[in-house]
Amino acid sequence: MKLIYEGKSKKVYDIGDGKVFLEFKDEVTAFNAQFKAEFKGKGYYCFKISSLLFKLLKDNGIPTHFIEEDTNGFKAYMVRIIPVEVVVRNIATGSIVKRLGINKGYEFNPPLVEYFYKSDELGDPLVCKSHIIRFGWMREEEIDRVESLALEATYILTDFFSKKSLKLVDIKYEFGYTEDGRLVIADEISPDTFRVWTSEGESLDKDVFRNTQRDITEVYKRLHEILSS
Ligand code: 5GP
């Protein structure tokens with residue numbers, strides 16, 4: 001296997017035939033790598049939760065890069081990542097509260113979609129559709145397709161979580177094109193990339209690390225148990 005990319009939380013290997021293997025690392029970073037730590041087993045739970053949720057989306061007709069689980073990672077289609085992160089919010093918290101002064105806990109109905117330019121140097125700034133079109137990151141019709149897929153996926157995940165008495169607060173998606181030109185949801189879908197609250201308002205996601213820097217493996221394990229039960 002040839003390592004073709006190493007990011008903050010994953011390694012990507014080319015396994016040929018337009019496919020990759022995604023290995024999940026135990027490292028965690030927050031606030032643009034201001035805080036860094038390594039927690040044994042954290043990568044395993046991100047992998048298991050991602051696999052479970054990608055399967056759920058696939059079973060509901062959402063195109064994703066996921067192919068199948070392997071040991072400590074999954075096989076996926078090789079994609080050309082679109083440099084725009086798509087965030088869907090059901091409930092206000094995090095950056096939108098700081099940026100716009102919206103009350104934490106405010107419910108968006110329908111969910112709110114925001115776009116961020118993927119750039120570590122710039123700290124993933126918020127961008128609008130006119131930036132995306134003008135700078136050639138996506139055409140207008142691609143934005144429409146991405147937005148409707150992100151909303152559809154969020155409805156499916158929100159419904160699944162609510163059956164487990166969990167609230168999906170917000171979620172970040174990455175999109176890409178496979179070698180045969182299909183637009184798919186890529187990257188991972190894990191408590192590193194979404195926020196989830198119990199009915200008591202307890203966070204079962206990376207906010208635990210963002211707020212306290214404590215070990216998140218037990219929290220991710222608990223979330224995995226709830227989601228897979
Ligand atoms: P916020 O904009 O409030 O910081 O994040 C909104 C949602 O998107 C949260 O669930 C957060 O975890 C996720 N998110 C936003 N940007 C990133 C990112 O660069 N990396 C990861 N892993 N998640 C992100």
Side-chain angles (χ1 to χ4, degrees), residues 5-12 22-39 42-43 45-47 49-50 53-54 65 81-108 111-128 132 137 146-147 149-151 153-158 160-161 166-176 185-198 201-213 216 219-220 223 227:
Y5 170 80
E6 179 161 3
K8 284 175 271 186
S9 62
K10 281 183 302 294
K11 287 182 182 173
V12 183
L22 267 72
E23 184 184 287
F24 286 71
K25 306 200 306 192
D26 283 338
E27 274 161 48
V28 59
T29 62
F31 304 114
N32 211 9
Q34 244 177 284
F35 296 127
K36 266 190 207 172
E38 196 171 326
F39 300 121
K42 176 251 167 200
Y45 289 107
C46 283
F47 147 57
I49 293 167
S50 268
L53 297 177
F54 271 127
H65 71 153
I81 291 281
I82 296 169
V84 175
E85 296 182 345
V86 182
V87 169
V88 182
R89 299 181 191 273
N90 283 324
I91 302 172
T93 190
S95 73
I96 195 164
V97 169
K98 290 190 210 137
R99 201 178 342 111
L100 299 177
I102 312 288
N103 287 337
K104 182 174 173 182
Y106 177 84
E107 293 193 19
F108 297 109
L112 181 78
V113 181
E114 291 182 330
Y115 300 99
F116 296 85
Y117 177 47
K118 258 173 81 69
S119 162
D120 286 341
E121 289 124 74
L122 301 174
D124 297 347
L126 179 79
V127 290
C128 48
I132 298 175
W137 301 324
V146 156
E147 178 160 330
L149 281 174
L151 283 169
T154 304
Y155 284 123
I156 293 163
L157 296 170
T158 303
F160 177 70
F161 278 47
L166 295 171
K167 278 188 187 170
L168 179 66
V169 175
D170 55 29
I171 180 161
K172 184 254 318 180
Y173 299 99
E174 296 200 14
F175 285 84
I185 296 182
D187 195 50
E188 66 184 296
I189 302 182
S190 79
D192 275 5
T193 63
F194 58 69
R195 290 190 177 99
V196 58
W197 292 346
T198 65
E202 187 189 352
S203 292
L204 296 183
D205 56 60
K206 196 161 98 174
D207 269 358
V208 175
F209 178 71
R210 291 189 186 102
N211 298 335
T212 68
Q213 285 82 63
I216 46 179
V219 171
Y220 284 23
L223 176 64
L227 295 180

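Read the numbers this way: they start at 1 and go in the same order the structure lists the ligands and their atoms.
The nearest protein atom to atom 10 (O) of ligand 1, hydrogens excluded, is given as D170 OD1, 2.6 Å; this is a heavy-atom distance. Among all non-hydrogen protein atoms, the one lying nearest atom 5 (O) of ligand 1 is R195 NH1, 3.6 Å. Protein heavy atom in closest approach to atom 22 (N) of ligand 1: D192 O, 3.0 Å. The protein atom (non-hydrogen) at minimum distance from atom 12 (O) of ligand 1 is R210 NH2, 2.9 Å.
Using a 4.5 Å cut-off on side-chain heavy atoms (C-beta onward), N90 and K167 make no contact. Between F194 and I49, the closest side-chain pair of non-hydrogen atoms falls below 4.5 Å. The shortest distance between side-chain heavy atoms of T198 and L166 falls below 4.5 Å. Residues L112 and I96 meet the side-chain proximity criterion, which asks for heavy atoms closer than 4.5 Å.
R195 has a carboxylate O that lies under 4.0 Å from a charged side-chain N of D170, or vice versa, which qualifies the two as a salt bridge.
Between K98, K172, E85, it is K172 that holds the heavy atom closest to atom 8 (O) of ligand 1.
Residue K206 places no N or O, backbone or side chain, under 3.5 Å from any N or O of ligand 1.
Counting atoms of ligand 1 from 1 in the listed order, those under 4.0 Å from a heavy atom of F194 are 10 (O). The S95 neighbourhood of ligand 1 comprises atoms 1 (P), 2 (O), 3 (O), 4 (O), with distances under 4.0 Å to a heavy atom of that residue. Close approach of ligand 1 to G94 is summarised as follows: ligand atoms under 4.0 Å from at least one heavy atom of the residue are 3 (O).
Although no hydrogens or angles enter the test, the distance criterion places no donor-acceptor pair under 3.5 Å between the side chain of D26 and the main chain of E38.
At a 4.0 Å heavy-atom cut-off, ligand 1 touches V87 through the side chain alone. At a heavy-atom distance under 4.0 Å, only side-chain atoms of D124, from C-beta outward, approach ligand 1.
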| request: Determine, step by step, whether F175 and I185 satisfy the side chain to side chain contact (heavy atoms under 4.5 Å, CB included) criterion, reporting the C-alpha distance in whole Å, the side-chain angles of both residues, the deciding distance to 0.1 Å, and the verdict. | output: CA-CA 5 Å; F175 285 84; I185 296 182; 3.5 Å; yes
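The residue from E188, E27, E23 that alone fulfils the side chain to side chain donor-acceptor pair (under 3.5 Å) condition with K10 is E188.
Ligand 1 has at least one atom lying under 4.0 Å from a heavy atom of R89.
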